[in-house]
Amino acid sequence: RIVYISKSTVAPVSEAVSNIARKSLSRNMQLGITGFLYFDEKIFLQELEGVRSDVEWLYAKIEADPRHSDVRTILRQDAETRVFGEWSMAFFDGKASDNELRRRFSAEALDELSEVDGPEILRLLREISVSYDPSKAIARSA
């Protein structure tokens with residue numbers, strides 16, 4: 001499992017964001033990677049889970065992707081079970097929704113996240129997913 005945060009270098013509502021979603025869907029399904037993507041028009045906050053080598057390969061691609069800047073790992077851990085195993089990639093529009101992550105962390109605080117915050121961020125992503133509408137998922141894995 002890897003949880004990372006990055007700043008978006010693309011326009012908030014653009015074809016580039018749609019391309020990220022489509023590529024994530026295709027690649028994740030091929031690799032058996034599942035996860036949860038939070039996007040609030042400024043930052044990406046994503047949890048990726050799956051076979052370690054596949055997750056690490058995908059994360060290296062994300063780090064090199066010019067649509068992301070300031071990519072930082074906030075949690076890297078081995079996990080026996082998947083948190084978001086039912087989705088190839090769930091997409092959560094953080095800008096359109098009041099949620100615990102936005103209440104807990106200001107925009108400035110999100111810029112300062114580090115590995116110390118990782119467990120709390122994963123907990124908040126799980127909390128968001130409990131009330132998540134699965135019809136908004138990019139794709140369900142099964």
Side-chain angles (χ1 to χ4, degrees), residues 1-29 31-141:
R1 166 177 301 128
I2 291 178
V3 178
Y4 75 88
I5 189 166
S6 68
K7 293 179 183 174
S8 175
T9 63
V10 298
V13 179
S14 69
E15 186 63 25
V17 173
S18 297
N19 286 339
I20 289 171
R22 281 194 298 276
K23 285 185 179 181
S24 293
L25 167 61
S26 175
R27 186 179 292 147
N28 291 1
M29 289 178 77
L31 295 172
I33 291 176
T34 56
F36 195 81
L37 174 61
Y38 175 98
F39 179 62
D40 71 2
E41 298 185 351
K42 294 180 183 173
I43 64 142
F44 293 101
L45 182 58
Q46 185 169 22
E47 192 269 357
L48 300 168
E49 53 195 19
V51 174
R52 180 190 311 215
S53 59
D54 294 335
V55 170
E56 293 287 351
W57 177 85
L58 179 55
Y59 185 57
K61 291 283 198 189
I62 291 166
E63 288 179 307
D65 189 327
R67 297 170 296 187
H68 297 265
S69 71
D70 191 25
V71 181
R72 289 175 287 127
T73 305
I74 11 184
L75 183 68
R76 180 181 262 124
Q77 66 182 192
D78 290 333
E80 291 184 24
T81 60
R82 294 180 186 225
V83 176
F84 304 108
E86 66 272 17
W87 295 304
S88 294
M89 185 52 56
F91 177 84
F92 187 85
D93 183 352
K95 185 73 169 178
S97 174
D98 182 36
N99 62 73
E100 187 60 27
L101 185 68
R102 289 176 59 109
R103 286 189 292 273
R104 170 77 173 78
F105 293 96
S106 67
E108 295 78 25
L110 287 173
D111 282 342
E112 302 298 322
L113 288 180
S114 69
E115 291 187 21
V116 171
D117 304 300
E120 175 72 0
I121 294 300
L122 183 59
R123 184 190 69 73
L124 289 171
L125 291 176
R126 286 178 181 156
E127 190 173 301
I128 290 169
S129 75
V130 168
S131 61
Y132 181 72
D133 178 358
S135 68
K136 290 187 171 58
I138 293 172
R140 295 179 72 79
S141 54

Using a 4.5 Å cut-off on heavy atoms from C-beta on, say whether the side chain of Leu37 contacts that of Phe44.
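Yes, at least one pair of side-chain atoms sits under 4.5 Å.
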
Of all residues at least two apart in sequence or in a different chain, which pass the side chain to side chain contact (heavy atoms under 4.5 Å, CB included) check with Lys7?
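Checked Lys7 against side chain to side chain contact (heavy atoms under 4.5 Å, CB included); matches are Ser69, Asp70, Asp111.
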
Please enumerate all residues that pass side chain to side chain contact (heavy atoms under 4.5 Å, CB included) together with Ser114, with sequence neighbours excluded.
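Here the qualifying residues are Val116, Asp117.
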
Can you confirm whether Arg52 is buried at CZ, in the sense that more than 12 heavy atoms of other residues, nucleotides or ligands lie under 6.0 Å from that atom?
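It does not: Arg52 CZ has 12 such atoms or fewer within range.
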
Can you check whether [Y]'s main-chain N or O pairs, donor with acceptor, with [X]'s side chain at less than 3.5 Å?
| X | Y | value |
| --- | --- | --- |
| Glu49 | Ile2 | no |
| Thr9 | Pro66 | yes |
| Arg76 | Val3 | no |

Would you call Arg1 and Asp78 a salt bridge, taking side-chain N to carboxylate O under 4.0 Å as the test?
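Judged by the 4.0 Å cut-off on N to carboxylate O distance, Arg1 and Asp78 do not form a salt bridge.
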
When rounded to the nearest 0.5 angstrom, what distance separates [atom1] in [X] from [atom2] in [Y]?
| X | Y | atom1 | atom2 | result |
| --- | --- | --- | --- | --- |
| Glu120 | Leu125 | CD | CG | 10.0 Å |
| Ser6 | Ile62 | OG | CD1 | 8.0 Å |
| Leu58 | Ile33 | CG | CD1 | 4.5 Å |
| Tyr4 | Ile74 | OH | CD1 | 10.0 Å |
| Leu48 | Leu75 | CG | CG | 11.5 Å |

Those residues that, when tested against Arg82, pass salt bridge (charged side-chain N to carboxylate O under 4.0 Å, His left out) (two or more places apart):
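If we apply the salt bridge (charged side-chain N to carboxylate O under 4.0 Å, His left out) test to Arg82, skipping adjacent residues, there are no hits.
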
Just jot down the salt bridge (charged side-chain N to carboxylate O under 4.0 Å, His left out) partners of Arg27, sequence neighbours excluded, or say none.
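By the salt bridge (charged side-chain N to carboxylate O under 4.0 Å, His left out) rule, Arg27 matches no residue at all.
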
Using the salt bridge (charged side-chain N to carboxylate O under 4.0 Å, His left out) rule, take Arg67 and Asp65 through it: C-alpha gap first, then chi angles, then the decisive distance, then the call.
CA-CA 5 Å; Arg67 297 170 296 187; Asp65 189 327; 2.6 Å; yes

State which residues pass side-chain hydrogen bond (donor to acceptor under 3.5 Å, both in side chains) with [X]; sequence neighbours excluded, sorted by chain then number.
| X | answer |
| --- | --- |
| Thr73 | Tyr59 |
| Glu63 | none |
| Glu115 | none |

Start with the C-alpha distance between Phe39 and Leu45, add both sets of side-chain angles, then the distance that settles side-chain contact (heavy atoms from CB on, under 4.5 Å), and finish with yes or no.
CA-CA 6 Å; Phe39 179 62; Leu45 182 58; over 6 Å; no

Stepwise side-chain contact (heavy atoms from CB on, under 4.5 Å) check, Thr34 with Glu47:
CA-CA 8 Å; Thr34 56; Glu47 192 269 357; 5.8 Å; no

